[in-house]
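Everything numeric in this text was worked out from a predicted model, so none of it was measured. Residue numbers start from 1 in every chain, and the chains themselves are labelled A, B, ... in the order their sequence lines are given, proteins ahead of strands.
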2 protein chains.
Amino acid sequence: MSTSTTDRLYLDDLHVGQRFKSGSHTIEEVEVKAFARQFDPQVFHMDNEAAKDTLFKGLVASGWHTAAITMRLNVETGLPFAGGLVGAGGDVSWPAATRPGDVLHVESEVIELIPSRSKPDRGIAVVVSRTINQNAEVVQILKAKLVVQRKPAN
Amino acid sequence: MSTSTTDRLYLDDLHVGQRFKSGSHTIEEVEVKAFARQFDPQVFHMDNEAAKDTLFKGLVASGWHTAAITMRLNVETGLPFAGGLVGAGGDVSWPAATRPGDVLHVESEVIELIPSRSKPDRGIAVVVSRTINQNAEVVQILKAKLVVQRKPAN
């Protein structure tokens, strides 16, 4: 089930098993290199020729770039949570490389909901987001703890 | 103990408990907003006034921006590993917010070393990197699984 971003969801609106799907983003080579220059200046992210001699066998995006694109997709079209997407932390892995030209989208599922005992206006939603390329390969799995608002009392 | 980046370390050179310390980076407000526009367009990362009414009570950097800066610091001055820094994944948390003007550095410790059984040329180093601000507050804890080369046989 997908939910349109016109509905902003509170913790009370979520249920375990609920699924969301984002729009897509094509990651261009120029973006891969620009991110790398700024945040992850290593040859396999910056130099097409030198990257062939690394364990990646060619240019790949920084994992943190994949994570940042995933965030963008989830903020804009993926997870329409009231109060926005506020992460307390999470587990991230990159089972496959992201390469220039890849078309990425994100599929997410709510796996746990934890109302806060001390703060009645919020809780934690544990959400697994899989970032998937045009060949249906999962390039990132993020299990995130998100702080989500509870529905205000009227 | 710190290790200069002129020594490139193989898995065989590492030991549990080994520590590393990076140089520092001052995160400017213009950077916070530029990263947010590109990857995390939410009001608490982009609009000083509107951010005051959020749970952050002011402008804060995206957690993924803190992660990206941490990577830059570790690549350039933090973790001088042979073959570079290749992450298979990890756990990240943000115990405190990063704010404009913060001066960040990274302190890392090797907590586990796992030679690969199937690939004799490499292994995994589990490294905890704490990103720390000018007030000695930890703004990010990253427990990363890094793929590290083994020393080549001569």
Side-chain angles (χ1 to χ4, degrees), chain A residues 25 31 34-46 50-51 53-56 60 62-77 79 81 83-97 116 119 121-122 139-149, chain B residues 25 31 34-46 50-51 53-56 60 62-77 79 81 83-97 116 119 121-122 139-149:
Chain A
H25 175 81
E31 293 174 62
F35 187 97
R37 270 195 305 275
Q38 199 175 356
F39 295 117
D40 193 348
Q42 302 194 85
V43 289
F44 34 76
H45 303 317
M46 301 181 78
D53 294 328
T54 68
L55 82 170
F56 296 111
V60 295
S62 171
W64 301 109
H65 193 181
T66 302
I69 289 170
T70 298
M71 187 65 184
R72 173 74 182 241
L73 289 169
N74 273 339
V75 165
E76 291 199 326
T77 56
L79 297 174
F81 292 175
L85 296 186
V86 177
D91 303 350
V92 64
S93 62
W94 298 288
S116 171
K119 293 173 181 163
D121 63 340
R122 68 189 72 167
V139 297
Q140 180 180 285
I141 302 170
L142 171 65
K143 183 174 144 188
K145 289 181 200 136
L146 299 170
V147 180
V148 184
Q149 295 179 5
Chain B
H25 176 79
E31 293 174 61
F35 187 97
R37 269 195 304 277
Q38 199 175 357
F39 295 117
D40 193 348
Q42 303 194 83
V43 289
F44 34 77
H45 303 317
M46 301 181 77
D53 295 327
T54 68
L55 83 169
F56 295 112
V60 295
S62 171
W64 301 108
H65 192 182
T66 302
I69 289 171
T70 299
M71 186 65 185
R72 173 74 182 242
L73 289 168
N74 272 341
V75 165
E76 292 200 327
T77 57
L79 297 174
F81 293 175
L85 296 186
V86 177
D91 303 350
V92 64
S93 63
W94 298 288
S116 171
K119 293 173 180 162
D121 64 339
R122 68 189 72 167
V139 297
Q140 181 180 286
I141 302 170
L142 171 65
K143 183 173 142 188
K145 289 181 198 135
L146 299 171
V147 180
V148 184
Q149 295 180 5

* What residue, out of Ala144(A), Gly90(A), Pro95(A), has the most heavy-atom pairs lying under 4.5 Å from chain B? -> Gly90(A)
* **Results of side-chain hydrogen bond (donor to acceptor under 3.5 Å, both in side chains) for Trp94(A) - residues two or more places apart only** => Gln140(A)
All N/O donor-acceptor pairs, side-chain side in residues 35-42 of chain B, below 3.5 Å, sequence neighbours left out:
residue: Asp40(B); atom: OD1; partner: Gln42(B); partner atom: NE2; Å: 2.9
residue: Asp40(B); atom: OD2; partner: His45(B); partner atom: NE2; Å: 3.2
residue: Asp40(B); atom: OD2; partner: Ser62(B); partner atom: OG; Å: 2.7
residue: Gln42(B); atom: OE1; partner: Leu85(A); partner atom: N; Å: 2.7
residue: Gln42(B); atom: NE2; partner: Leu85(A); partner atom: O; Å: 2.9

* Just give me the residue among Ala88(A), Ala68(A), Ser93(A), Gly87(A) that pairs up with chain B most often, heavy atom to heavy atom, under 4.5 Å. => Ala68(A)
* To do: Below 4.5 Å from any heavy atom of chain A, which atoms of Leu73(B) appear? Answer side chain, backbone, both or neither.
  => neither
* Asked: Given that the side chain runs from C-beta out, which part of Val147(B) has a heavy atom under 4.5 Å from chain A: side chain, backbone, both or neither?
  -> side chain
* Asked: So do Phe56(A) and Val86(B) actually touch side chain to side chain, heavy atoms under 4.5 Å?
  -> yes
